[in-house]
Asker: 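There's a structure below that I have some questions on.
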Amino acid sequence: MENIAGWIAPIATMIAAMMTAANLGAKITGSGFLVFTIGSICWSLVGLSTGQTNLLATNGFLTVVNLVGAWRWLGEQRRYEEGGKSAEKASRRCSSDDLFTATGLAGMEVDDCHGQRIGRAVEALVECSSARISYLVVSRGGIGGIDETLRAVPCDVVCFAAQRLALTIDLEGFEGLPVLVTGDWPAEAPRIGSANVGDLKSA
């Protein structure tokens, strides 16, 4: 039993870590916490059979934490996610404006006015007084956040769609926007320069 648990524990932990880190939605993340639970139970069995009380106590606590995580993602968060998706689908079957969830905005692909892929949206800043999106933060380049560049794109040059975001400026106009510095994002949307205004008119 100890040998089986000793094999399952690290494998389950590695698989669960990949599932939760990928952040592919409530079902995958919640299932990741369930796999984490299997791993922590196996680590607890290893600690019990080998007399490692620290390993047993730590993973006993982690089992509880992982069960809470599974309940949170497979229960609450999954209900929210499915509710939002149902509203999106319903809006496309009727005459009202298409809807998309605000939480779904982060991670949406962003194209320029020619359909060329620019990057993905990572955040949106909302004005308190009007509840209007002031600007989007768009990531370009890099892998997993390493060597990426972030730029603030004013909302008035963004066309919102259900599955993607399109800018009314081209890649050159996008790259003309200032790169954001970590921890020092602007208080308001940047202004589009005169060179980019032509792109807007022609788009």
Side-chain angles (χ1 to χ4, degrees), residues 1-91 99-110 117-126 133 136-150 161-165 180-185:
M1 185 68 178
E2 176 190 340
N3 289 336
I4 296 173
W7 276 104
I8 294 175
I11 293 171
T13 302
M14 288 185 286
I15 292 172
M18 289 187 289
M19 292 173 72
T20 54
N23 193 22
L24 296 175
K27 290 180 183 178
I28 301 296
T29 303
S31 299
F33 276 107
L34 287 179
V35 178
F36 262 135
T37 302
I38 294 170
S40 60
I41 290 172
C42 288
W43 281 122
S44 297
L45 291 174
V46 171
L48 181 65
S49 61
T50 59
Q52 299 180 66
T53 54
N54 287 342
L55 186 63
L56 175 61
T58 300
N59 282 281
F61 173 75
L62 288 177
T63 299
V64 175
V65 171
N66 292 328
L67 287 172
V68 171
W71 169 80
R72 166 79 172 82
W73 284 94
L74 291 177
E76 283 187 341
Q77 194 62 35
R78 182 178 176 184
R79 283 200 313 273
Y80 302 154
E81 197 173 272
E82 289 177 352
K85 286 179 180 177
S86 70
E88 288 179 2
K89 291 177 182 176
S91 71
L99 300 176
F100 65 89
T101 59
T103 53
L105 190 62
M108 270 193 178
E109 299 292 344
V110 180
R117 183 58 43 83
I118 286 179
R120 61 186 176 85
V122 297
E123 187 58 278
L125 281 295
V126 179
I133 295 176
L136 292 178
V137 177
V138 178
S139 166
R140 178 167 173 78
I143 299 175
I146 300 172
D147 290 332
E148 69 178 355
T149 56
L150 300 177
Q163 303 296 330
R164 58 188 280 276
L165 302 171
L180 298 183
V181 178
T182 302
D184 189 23
W185 289 5

Asker: Check whether Thr58 reaches the backbone of Leu55 with its side chain - one donor and one acceptor, N or O, closer than 3.5 Å.
Answerer: no

Asker: Can you check whether Leu105 reaches Ile133 side chain to side chain, under 4.5 Å on heavy atoms?
Answerer: yes

Asker: Rounded to the nearest 0.5 Å, what separates atom CG in Asn59 from atom CG in Asn66?
Answerer: 8.5 Å

Asker: Heavy-atom distance under 4.5 Å between the side chains of Trp185 and Leu125, does that happen here?
Answerer: yes

Asker: Just jot down the side chain to side chain donor-acceptor pair (under 3.5 Å) partners of Thr149, sequence neighbours excluded, or say none.
Answerer: Arg151

Asker: Once side chain to side chain donor-acceptor pair (under 3.5 Å) is applied, do any residues pair with Glu76, and if so which ones, sequence neighbours excluded?
Answerer: none

Asker: Going by the rule side chain to side chain donor-acceptor pair (under 3.5 Å), which residues pair with Thr37 if we only count those two or more places apart in sequence or in a different chain?
Answerer: none

Asker: Scan the side chains in residues 25-36 for donor-acceptor partners under 3.5 Å anywhere in the protein, sequence neighbours excluded, and list what turns up.
Answerer:
| from | atom 1 | to | atom 2 | distance (Å) |
| --- | --- | --- | --- | --- |
| Thr29 | OG1 | Gly25 | O | 3.0 |
| Ser31 | OG | Lys27 | O | 2.8 |

Asker: Measure the shortest side-chain to side-chain distance between Val138 and Val122 over non-hydrogen atoms and say whether it is less than 4.5 angstrom.
Answerer: no

Asker: With side-chain contact (heavy atoms from CB on, under 4.5 Å) as the criterion, how do Met108 and Arg164 come out once you've worked through the C-alpha distance, each side chain's angles and the decisive distance to 0.1 Å?
Answerer: CA-CA 6 Å; Met108 270 193 178; Arg164 58 188 280 276; over 6 Å; no

Asker: Distance check, rounded to the nearest 0.5 Å: Thr182 atom OG1 versus Leu150 atom CG?
Answerer: 7.0 Å

Asker: How far apart are the closest heavy atoms of Cys42 and Ile8, and which atoms are they?
Answerer: SG-CG2, 3.5 Å

Asker: Ignoring hydrogens, what is the shortest heavy-atom contact between Ala9 and Thr13? Give both atom names and the distance.
Answerer: O-OG1, 2.7 Å

Asker: Calculate, to the nearest 0.5 Å, the distance between atoms CD1 and CD1 belonging to Ile38 and Ile11 respectively.
Answerer: 12.0 Å

Asker: If the condition is salt bridge (charged side-chain N to carboxylate O under 4.0 Å, His left out), which residues does Arg117 pass it with, not counting sequence neighbours?
Answerer: Glu109, Asp111

Asker: Measure the CD1-CG distance between Ile4 and Leu45 for me, rounded to the nearest 0.5 Å.
Answerer: 10.5 Å

Asker: So how far is it from Trp43 CH2 to Gln52 CD, rounded to the nearest 0.5 Å?
Answerer: 9.0 Å

Asker: Holding to side-chain contact (heavy atoms from CB on, under 4.5 Å), I want the full list of residues that pass it with Leu56, two or more places apart in sequence or in another chain.
Answerer: Ser44, Leu48

Asker: Measure the shortest side-chain to side-chain distance between Leu180 and Asp184 over non-hydrogen atoms and say whether it is less than 4.5 angstrom.
Answerer: no

Asker: How about Arg140 and Glu148: do any of their side-chain heavy atoms sit closer than 4.5 Å?
Answerer: no

Asker: Can you measure from CG (Leu24) to CE (Met18) and round to the nearest 0.5 angstrom?
Answerer: 12.0 Å

Asker: Excluding sequence neighbours, so at least two apart, what forms salt bridge (charged side-chain N to carboxylate O under 4.0 Å, His left out) with Glu123?
Answerer: none

